[in-house]
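Below, chains carry the letters A, B, ... as their sequence lines are ordered, and counting in each starts from 1.
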Protein chains: 2
Amino acid sequence: MLEFPAVPGLDAAAQELARARQNRLTKPTGALGNLEQLSIWLAGVQGGCPPTPPSRVAVVLFAGDHGVASSGVSAYPAEVTAQMVANFVAGGAAVNVLAAQVSASVRVADLGVAFDLPGVELPPDVVKWRVRRSSGRIDVEDALTISEAQQAILAGRQLADEAIDGGADLLIPGDMGIGNTTPAAAIVGVCAGVDATSVTGRGTGIDDATLARKREVVASAMRRAATDSGLSLVSSIGGADIAAMAGFLAQAAIRRTPVLLDGVVSGAAALVAERLAPGARAWWWAGHRSAEPSHTIALRELGLTPLLDLGLRLGEGTGALLAVPLLRAAAATLSEMATFDEAHVSDRDA
Amino acid sequence: MLEFPAVPGLDAAAQELARARQNRLTKPTGALGNLEQLSIWLAGVQGGCPPTPPSRVAVVLFAGDHGVASSGVSAYPAEVTAQMVANFVAGGAAVNVLAAQVSASVRVADLGVAFDLPGVELPPDVVKWRVRRSSGRIDVEDALTISEAQQAILAGRQLADEAIDGGADLLIPGDMGIGNTTPAAAIVGVCAGVDATSVTGRGTGIDDATLARKREVVASAMRRAATDSGLSLVSSIGGADIAAMAGFLAQAAIRRTPVLLDGVVSGAAALVAERLAPGARAWWWAGHRSAEPSHTIALRELGLTPLLDLGLRLGEGTGALLAVPLLRAAAATLSEMATFDEAHVSDRDA
């Protein structure tokens, strides 16, 4: 069964306590800027004030290939997806290094990688999530059958459950897949109602000729999109990795677990997840703004303000991992700073 | 003697090694955005590649009152400066909480706090830096005599030396002083050649009437400014805290020690420091962009791009402290990520 139950609301009482406490801390009202909103959100998702800094952060990396890569939409060959999965398992990628910086765990799930690497045996826990090899060429065919899309969403849901049952107090979705900014752009274009030119960017760094091809692929995919549900959308123009990530994001909300979103692929998956489980977006915060143009459009559509804006365009969850210290700082200031009364400091009304 | 020696250059060879290594790491070229530039800068200031994540971060808080506070330019009464100094010493302020998050030390130096708090005895190491009580009303008189300005700059220089000799590998200047965004705005206005209206902001959160008064004070100060040197500038329209911070920033560059700048007050002090020790700016990175309008102008004038833009307007070094994990992440990715060769991942030219 693929129905998600109703998404629970954040704890409004905890948020009200957090808002009131922010105004009693020894600093000018509002002087901590976006960190104040972030601390109030953390109180709401944790259901208590002051919130505790998230200490068990779990990254789940959704890997999959995309048929459109054969249309020449990327600067990198498609075998890089499988090579990078091996790199994640070996611990050599950016996501591994940045996860270690904030003591986060990293789990890799192969939803639809196209190739096996000769001589490389991946752990069973990585490959057991595989729904199919690669996804369909979305400019001319569906990415997935409805049944495959359901299977992928359920896999994402199970990955969220396992992380939460394992004690995670903050989830981060990561992505890996050569060509994956193409379905992401098409999904954002359809959900935001903007044209293919506005949502198509240079991904890993493509040249002008490749960009022109990618725009045509995105435009064709957008014309093909089935839009009656999140399931049909991700089946028609998504991919197994994006479908699984959408299930993961929806389930996090159902399980009252906060999520830091990453870049454009998680933005597209979030738009799908919001259709699978309306209101889920209240449980997510945007880690950063990617350099990819469709990401800004996705964030606007989701009503989310990113914490970082560093020109990143790597995916893997890296932008979200970089924002983790800001969440911890927001929780720590709300919980540990002295109030005006405690510190005998005069407030502005004194 | 107040002459600073010539500012040394960054290690160009280390920067070249860092740039080359960035392009061999298992990620698309440029995909780590501003972190890549940051990692190259760290290699340059440390004189080696890969750089090590800064682990001994030292915040020095420069506290001082400003005569202009009596002109009604702030939302808070002037005794708050002294109260906040006591709060810093007790560990209850935002800077203390955020420093603990990144294991940074915090040292408080009273350069010109106006009042003693009844019943509060500050440690000798805090008060021994005091140049005078408060600084002059810069709309009608000099902030400091030349001799006082020299004494303050030397104090800042000594504070930098003591931090560096104590092993600090990254310095952060913090500020505390009711009214201090007024001299900061005037200094930025003079250095950038823009008018008082453009540089005057709401500081801790003033209303329209107070903002109008503050603009007049800034305009008067800018007319009064002596501009033949950094020393005369900070003496005419700065203050003891800003002069000391300028000496601190200049000395950090002389001592080849990187600095993360904070908000508008450190931006103004940086403009003074660049006049005291031309070229010093190469040793500083901007931690964040403050909500105060003159800060954006100061950063432009310094040629610096901020890491964070969170609407903070607190000072104390808080914005810089929040950026410390990004420096560590930049160093860690450059040092710990696998290269294409090591991980057997195909590069775009493969």
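When every heavy atom of A:N87 is checked against every heavy atom of B:A338, the shortest pair comes out as OD1-CB, 3.8 Å. Across all non-hydrogen atoms, the minimal contact from B:D347 to A:Y76 is OD1-CE2, 3.8 Å.
The greatest number of non-hydrogen atom pairs below 4.5 Å with chain B, out of A:T339, A:L326, A:L308, A:V102, is found for A:L326. In terms of non-hydrogen atom pairs under 4.5 Å with chain A, the most contact-rich of B:G92, B:S335, B:P325, B:A343 is B:G92. The most heavy-atom pairs under 4.5 Å with chain B, out of A:A93, A:P306, A:A94, come from A:A94.
Contact check for A:L310 versus B:L38: no side-chain heavy atoms found under the 4.5 Å cut-off. Taking 4.5 Å as the limit, some side-chain heavy atom of A:Q83 sits within range of a side-chain heavy atom of B:S346.
Residue B:A332 touches chain A through both its backbone and its side chain, counting heavy-atom pairs closer than 4.5 Å. For B:L307, the parts sitting under 4.5 Å from any heavy atom of chain A are the backbone and the side chain alike. Proximity to chain A (any heavy atom under 4.5 Å) is shown, for B:A90, by neither the backbone nor the side chain. Contacts between B:E336 and chain A at a heavy-atom distance below 4.5 Å involve backbone atoms as well as side-chain atoms. Within the 4.5 angstrom heavy-atom criterion, atoms from both the backbone and the side chain of B:L312 approach chain A. Of the atoms belonging to B:A291, not a single heavy atom falls under 4.5 Å from chain A. Both the backbone and the side chain of B:L32 come within contact range of chain A, judged by heavy atoms closer than 4.5 Å.
Residues in residues 304-320 of chain B take part in these side chain to side chain donor-acceptor pair (under 3.5 Å) pairs, two or more places apart or across chains: B:R289-B:D309.
Remark: B:L35 CG to A:L98 CG distance equals 7.5 Å, nearest 0.5 Å. Between the CD atom of B:E79 and the NE2 atom of A:H344 there is a distance of 14.0 Å, given to the nearest 0.5 Å. A:T26 contributes atom OG1, which lies 8.5 Å from atom CG of B:N96 (distance to the nearest 0.5 angstrom).
Atom CZ of B:R21 is surrounded by more than 12 heavy atoms from other residues, nucleotides or ligands within 6.0 Å.
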